[in-house]
Structures are given as C-alpha cells and as structure tokens.
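To start, the structure itself, in structure tokens.
Sequence lines set the chain letters: A, B, ... in the order given, protein chains first and strands last, and positions in each chain run from 1.
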2 protein chains.
Amino acid sequence: MTKTTALQGGVALWRQIADAIRLDIVGGKLVTGDRLPTEAFLAERFSANRHTVRRALATLAEEGVVHAEQGRGTFVRSARRLSYPIGKRTRFREGLRGQAANLVSTSLGDRLENANTRVADALDLRIGAKVVRTEGLSLADAVPVSRSTTWLDYRRFPDFAGRMAEMQSITAVFASYGIADYARASTRISSRHADAEEAKVLHLAPGAIVLVSEAVDVDPEGRPLSYALSRFPAERMELVV
Amino acid sequence: MTKTTALQGGVALWRQIADAIRLDIVGGKLVTGDRLPTEAFLAERFSANRHTVRRALATLAEEGVVHAEQGRGTFVRSARRLSYPIGKRTRFREGLRGQAANLVSTSLGDRLENANTRVADALDLRIGAKVVRTEGLSLADAVPVSRSTTWLDYRRFPDFAGRMAEMQSITAVFASYGIADYARASTRISSRHADAEEAKVLHLAPGAIVLVSEAVDVDPEGRPLSYALSRFPAERMELVV
DNA sequence: TATCATTTGTCCGTATGTATT
DNA sequence: CAATACATACGGACAAATGAT
C-alpha cells in the first residue's frame, strides 16, 4: 500500500497533498491562525513520506496560504474565500463590496473583432458583425480574483473600452450610454484548469482550477448588452446563486 | 525552449495537453466525428514530443473522448456536456430530461449522524441534532454525472433513506411526506480536484475537476428541507443559472 | 495491382523529476 | 545528503494500416 508509485495520474503527490490542505483551509475546516497538524501526522494521513509533505507545505507557504515557524509549527495565514452572488441583478463590484476593502478593476487591452458563432449568438448579432472585445482583471485587496473577457456590439458601444478604462465599472459605463438598469439573462458555469496566461495574471500555480462563467446581460427591453467570459480562481472565489 | 523539464508545477505535460484537447472538445471547438490534428502537429503546437502527445491522446481514448485509428487519424468520439439548470425550482431529473435517454440514481448507503455546524446552520437545527445522511450517485446513459450527499432532519424524515432507495427521486419522497412543492433557497458553487473516492465512483482520472454545489431546498413556508452537497464532473457537466 | 505519402503503433535508448528509505 | 525505484519527457527508427495515385 504505502509502496511508492511516484506519479501515476500525471499529478505529483506533493501537489495532491497541497491541494487537499488548501481545500481544508478555503473550505473552512482550518481558519486563519490555526496550527496545521505536524508534518509527521500529515505524512501518516496522506500515506506519504514527510519529505513529500514538506514539499507540499513549501508550495503553500510560497502561495502565502500557510506560514511555518521553526519549533512551533505551521500556521494558516489566509483562509478567506470570497463569495460572488449571481442573480437577476448581478453586479460585480456591489457583490464583492464588504468582503474586500479594496476592489480594483484594470483593463488588459481591447480590440475590435468580428463576432464568432458563440458571441454572435449571445449578443443576437450576425456572425462576423463588428464587436468590441475588452480584457480585464480584477483584484480584491491586491489579490487577483477575476480575469474576464467581454464582448459588446460595436455599433451600440463604440467607445466602450475607453470609458471602461476611465470608470472601472460596467454599470457606470452602461449608465453613460443611457442605460439606467440592466439584468442578467443567463449564466453558464463550468470549470477547468487555468491556462498559462490565466495562471500568470491570476497568480496561480500551473494546474490550478478556475471557475468559468459565461454571462449575458440584457437591458430592460430584453436586448443583449454584453457577453462576458469570466474566470475566477476556484481557490479564492465561490459563486452563490 | 524545447529543452525538457519533465514536470512543472507538479502537473505532467501529457496531462496538461490532455486537458487542453479535452477543453477544445467540450468547449465546442471540436465536435463529434471531427478528426484531431496529427500527432506531429499537436507535438509542434504544444512544444512537446510526439510520445508525450500520444500519452495524452491515450488518456483521452481511455476516457472515451477520442478514438484513434491507425493510418487514418484520431477522432472525437463524444463531445457532449450536459447542462444542469439551477433556479428557484431546481429538479435534478427534470433538469436533465431530454439530454439523456436514461437517468439512474442509486444510493451508496445512508446513516444517522449528528449535525455539524454547517449542516445545522443550513437546516436550521441545533448542532448535534439527529440528521439522516444519504450518499447517492446519478448516471446519465450509464455515465456518472453526479455524486451527492444529502442531509435531512431525522425527526421530520425518519425513513427518508428507505423511501429514496425505492422511489429514486427526491421530489417523489418529499411528496410521500405530504410536501407537494419545494423551492431552492440558495446554491453555492465552487470547484476543486476530485478526491480519491469521487474519482473512483465518477470514473474520473486522478486530478480531474469537480464542480461542487451546496444547495438548500425549502418548503413553501420557507423551512429548510434538505442540505445537499453535489459533486459534478466538470468535464461532463455545466451548471446554468 | 503496385507504389507512395500520410498517419498511427511499437521499439530502442537517455536524461531528469518524483518519492521512498 | 545519500541510494534506489519508478514516472515523465525526449529523440530516433521502423512497422503497420489507410487512402490515393
């Protein structure tokens, strides 16, 4: 049983252990300030060698999740996972207000492109229609919590990108176009591994998991306003319906 | 560049490649019957050796996602991902009807236990109150799509487990207790790697991703009926709000 | 029928990372 | 900080099946 096998499923044992401990932390079984079990105990629990556990703990320490003190033990440093509420009136900034002191949204650039099938379908446009595509990154208390790509009809929102960079809020930009209110028409939620670019800007270890939300917002008349593809680090965010 | 480096971040290259190709498939870029690019092309695309690509393809073939034919190429076998609608009236069987010909829910056992903080909080009971806990597995066309754990107040539903095994439907069991209708009060969605037990019963490769939903259903008076923790294979299911 | 380019399947070996003892 | 065993990743060479010329 406790033989060896090195890898087997393509995921190193030290990473599986790190993921399991992180799950205990973000899942609430361990809260900020708690002392982790001893390395020997964890080695027993995961049927692994203490060296392997140490490798896992070193990774978590690098991520800033735990913190080891010689002679005392290893302690939970940050445990909080943000909850992003999703409903008919879904607003990113309002949803996270109160959970983070500082919420910053930055633009990673934008461009004009022609709508592919998916975008055209979501925005109710012809395939190939001109759309604005903006890439964004949001940070809560300096920690990246969302990497999003948003498409909008260029004819309706020709200067979306410029105004977004200035106002930092979709709600505010819509208001500047005379749209006082908007609603969430649909949200599709899936999950996958972060790709290289996402891992980089979200400060995730390679192989980390992102929650993916595909959302369509509509104006009060029911016309599609925006199609947004958002990626949330699963270890830092959960979605609440 | 194309040096080597074996693993990076604890995730094997062949696994990253498999995940990327699977994403193209479940994401719709490749549909059933499509031929994948040649192994040589994929090796170039991922800056990997052909052997490494072959390892990834072998894994996908084992999962039943692709199918290789000597001399012809490798083809997409199954591309479909089920959509599970979540809303005020969320019903598992109704939600998936039409997407799968055969929907089977089996019980993996049940027991009486004392409510921990989380369960007591969700069901509005005292900590330590007696609750029924049932473990279930659902299959759509013989493919596992959900592994769920459900807690209910023992005083209100003393024989829940027995009736569930017989009726296979939560809605039917509630009806048998005189509850004609119920509604979804809240759903929390998160994501993580499958643990060993989940990987086994859901037929997932180690390291696969599950979407986790924590749901509370309430009766028409707003009293909590059940607290359910469901795990969906991310590669086979998405949640639609 | 025969040949050829293409593509997957199998075998050899070497170097490095992972995990235990 | 060893020594050891296994998994990962690469490189090359050739066999086997396919489809078209």
Side-chain angles (χ1 to χ4, degrees), chain A residues 1-22 37-63 70 74 193 195-196 199 205-208, chain B residues 1-22 24-25 30 32-78 193 195-196 199 204-208:
Chain A
M1 272 306 124
T2 322
K3 247 321 124 81
T4 160
T5 44
L7 290 222
Q8 81 252 58
V11 183
L13 182 54
W14 63 262
R15 166 156 283 279
Q16 298 181 43
I17 293 172
D19 289 342
I21 294 174
R22 195 191 299 102
T38 64
E39 292 173 353
F41 183 93
L42 290 169
E44 176 73 18
R45 170 179 160 194
F46 293 108
S47 308
N49 193 276
R50 200 178 134 236
H51 297 304
T52 311
V53 170
R54 283 180 61 74
R55 172 100 192 242
L57 291 176
T59 310
L60 293 174
E62 240 177 59
E63 291 175 18
Q70 191 165 141
T74 305
H193 288 113
D195 67 25
Chain B
M1 281 296 122
T2 322
K3 247 331 111 82
T4 162
T5 45
L7 292 221
Q8 319 112 290
V11 182
L13 181 55
W14 65 261
R15 167 157 283 281
Q16 299 179 43
I17 294 172
D19 289 342
I21 295 173
R22 195 192 298 103
D24 282 348
I25 293 174
L30 292 165
T32 306
D34 278 1
R35 208 192 75 172
L36 298 184
T38 65
E39 294 172 350
F41 183 94
L42 290 170
E44 176 73 17
R45 168 178 161 193
F46 292 109
S47 306
N49 192 274
R50 185 166 80 97
H51 297 298
T52 310
V53 169
R54 284 181 56 74
R55 174 85 193 257
L57 292 175
T59 312
L60 293 174
E62 243 177 57
E63 292 176 16
V65 177
V66 302
H67 168 243
E69 291 180 37
Q70 187 166 152
R72 300 223 309 134
T74 305
F75 301 84
V76 177
R77 173 165 276 175
S78 90
H193 288 113
D195 67 26
L204 293 171

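- Partners of Glu69(B) by side-chain contact (heavy atoms from CB on, under 4.5 Å), not counting sequence neighbours, listed by chain and number: His67(B), Arg72(B), Phe75(B).
- Residues passing the salt bridge (charged side-chain N to carboxylate O under 4.0 Å, His left out) test with Arg35(B): none are found, sequence neighbours excluded.
- Rounded to whole angstrom, the span from the CZ atom of Arg15(B) across to the P atom of dA7(D) amounts to 15 Å.
- Straight-line distance from the NE2 atom of His67(B) to the P atom of dT8(C): 13 Å, rounded to whole Å.
- In terms of the salt bridge (charged side-chain N to carboxylate O under 4.0 Å, His left out) criterion, Arg55(A) has no residue partners (sequence neighbours excluded).
- Where Val53(B) and Arg72(B) each meet DNA chain D at their nearest nucleotide, the meeting point lying more 5' is that of Val53(B).
- Considering only residues two or more places apart in sequence or on other chains, Thr52(A) meets the side-chain contact (heavy atoms from CB on, under 4.5 Å) condition with Leu13(A), Trp14(A), Ile17(A), Ala48(A), Asn49(A).
- A donor-acceptor pair is defined here as one N or O able to donate and one able to accept, closer than 3.5 Å; no such pair exists between the side chain of Glu39(B) and the backbone of Val53(B).
- To the nearest angstrom, P of dC10(D) lies 12 Å from CD of Glu44(B).
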All N/O pairs under 3.5 Å across the protein-nucleotides 1-3 of chain C interface:
none

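- The nearest pair of heavy atoms linking Ala56(A) to Ala18(A) is CB-N, 3.7 Å.
- Remark: P of dA7(D) and CD of Gln16(B) are 19 Å apart, rounded to the nearest angstrom.
- The side chain of Asn49(A) contributes no N or O atom lying less than 4.0 Å from OP1 or OP2 of dA19(C).
- The minimum heavy-atom distance linking Gln16(A) with Val11(A) is given by the pair NE2-O, 2.9 Å.
- Between Leu36(B) atom CG and dT7(C) atom C1' the separation is 13 Å, expressed in whole Å.
- Phosphate contact (OP1/OP2 of dT8(D), side-chain N/O of Thr52(B), threshold under 4.0 Å): absent.
- The shortest side-chain heavy-atom distance between Ile21(B) and Val65(B) does not fall under the 4.5 Å cut-off.
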Close N/O contacts between protein and nucleotides 9-14 of chain C (under 3.5 Å):
unit_1 : atom_1 : unit_2   : atom_2 : d
dG9(C) : OP2    : Arg54(B) : NH1    : 3.0
dG9(C) : O4'    : Gln70(B) : NE2    : 3.4
dG9(C) : O6     : Arg50(B) : NH2    : 2.5

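- Heavy-atom minimum distance, Ala68(B) versus Thr74(B): CB-OG1, 3.8 Å.
- Spacing between atom CH2 of Trp14(A) and atom P of dA19(C) amounts to 8 Å, rounded to whole angstrom units.
- In this entry the distance linking CG of Leu13(A) with C1' of dT8(D) reads 16 Å, nearest Å.
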